[in-house]
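Count residues from 1 along the sequence. Just so it is clear, the structure is predicted and the values come from calculations on it, not from any experiment.
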Amino acid sequence: MRPAARARVARLVVVLAFAGAIGAFFALGGHRYLTLDTIKRHRDLLLAFTEAHYVQALAIAFVAYTAAVAFSIPGAVLLSLVVGFVFGRWAGTLLVLFAATLGAALLFLAARYVFADAARRRLGPAGRRINEGFTRNAWSYLLFLRLVPAFPFFLVNIAVAFSSVPLSTFVAATFVGIIPGTFVFVNL
């Protein structure tokens with residue numbers, strides 16, 4: 001198989017993995033479990049499990065939160081509230097900061113790998129000028145986008161992937177930019 005064909009197959013695998021994960025979430029009823037009523041009904045069970053298996057509970061919460069962000073599954077705010085309730089202010093905030101940043105980075109990388117080249121070609125010279133300006137001031141722009149909750153988290157992850165912003169800048173600005181919002185939601 002030629003390298004170009006391998007790259008197309010790899011991109012298709014990434015797209016199918018994302019579509020499969022999102023489809024499985026809804027097909028298996030994940031959206032019914034990710035509600036405030038369900039969390040309230042299982043409150044005692046969550047607390048008992050966490051008390052008996054703290055490290056495992058942290059690992060499960062971390063993986064679940066990372067996956068929710070990486071696959072853009074709705075419910076991150078509710079997950080932040082649950083993590084804060086179950087693990088407390090400081091451990092909950094740290095867990096959400098790292099999990100959300102990792103999930104955002106995974107989505108950023110997947111979007112960049114699958115769509116960035118095609119998007120850049122379609123945008124042409126105007127897109128190149130926008131990309132250059134955005135990339136030159138990436139830290140400031142990303143920090144603004146993360147601090148101002150008017151921009152959907154998943155959309156920023158995907159849109160920035162079409163630029164030439166380095167992964168390290170994306171990760172650092174995401175981590176720092178989500179600290180205030182994360183702290184507030186985890187503490188609610």
Participant: Does R43 reach the side chain of F85, with side-chain heavy atoms less than 4.5 Å apart?
Facilitator: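 Of all side-chain heavy-atom pairs linking F85 with R43, at least one is under 4.5 Å.
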Participant: Do the side chains of L102 and F62 get nearer than 4.5 Å, heavy atoms only?
Facilitator: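 Yes, side chains in contact.
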Participant: Answer whether the closest heavy-atom distance between the side chains of F49 and I60 falls below 4.5 Å.
Facilitator: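 They are in side-chain contact.
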Participant: Report the distance from atom CZ of F162 to atom CZ of F108, rounding to the nearest 0.5 Å.
Facilitator: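 Taking CZ in F162 and CZ in F108, the distance rounds to 10.5 Å.
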Participant: Is the shortest heavy-atom distance from the side chain of F153 to the side chain of N157 under 4.5 Å?
Facilitator: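 They are in contact (side-chain heavy atoms under 4.5 Å apart), so the answer is yes.
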Participant: If you define the side chain from C-beta out and look only at heavy atoms, does anything of Y141 sit under 4.5 Å from V165?
Facilitator: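 A side-chain contact is absent here, since even the closest heavy-atom pair is not under 4.5 Å.
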Participant: Are the side chain of S80 and the backbone N or O of A76 linked by a donor-acceptor pair below 3.5 Å?
Facilitator: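 Checking the backbone N and O of A76 against the side chain of S80, a donor-acceptor pair under 3.5 Å is found.
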Participant: Checking R89 side chain against V186 main chain: does a donor-acceptor pair fall under 3.5 Å?
Facilitator: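 Looks like no, no N/O pair under 3.5 Å.
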Participant: Tell me if a side-chain donor or acceptor on T38 pairs with a main-chain N or O of R32 at a distance below 3.5 Å.
Facilitator: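 Checking the backbone N and O of R32 against the side chain of T38, a donor-acceptor pair under 3.5 Å is found.
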Participant: Below 30° counts as parallel, above 60° as perpendicular, anything between as tilted: where do the rings of F175 and F98 land?
Facilitator: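 The arrangement is tilted - the two ring planes meet at 30° to 60°.
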Participant: Side-chain contact test, heavy atoms from C-beta onward, threshold under 4.5 Å: evaluate it for F18 versus L107 and give yes or no.
Facilitator: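 Yes, their side chains come closer than 4.5 Å.
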Participant: Any link between I179 and V83 through a network of hydrophobic side chains (Ile, Leu, Val, Met, Phe, Trp, Tyr) touching at under 4.5 Å?
Facilitator: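 Same cluster: I179 reaches V83 through Ile, Leu, Val, Met, Phe, Trp or Tyr contacts under 4.5 Å.
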Participant: Donor-acceptor pair, distance only, cut-off 3.5 Å: does the side chain of T135 make one with the backbone of E132?
Facilitator: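 The answer is no, because no donor-acceptor pair under 3.5 Å joins these two groups.
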Participant: If I take atom CZ from residue F87 and atom CG from residue L46, how far apart are they, to the nearest 0.5 angstrom?
Facilitator: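 Answer for the CZ-CG pair, F87 versus L46, is 9.0 Å.
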Participant: Here's one to test your reading of the geometry: is the NZ or CZ of R11 within 45 degrees of the ring axis of F115 and under 6.0 Å from its centre?
Facilitator: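 No, cation not above the ring by the 6.0 Å, 45° rule.
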Participant: Taking CZ in F144 as the centre, count heavy atoms belonging to other residues, nucleotides or ligands within less than 6.0 Å. Is the count above 12?
Facilitator: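 12 or below, so no.
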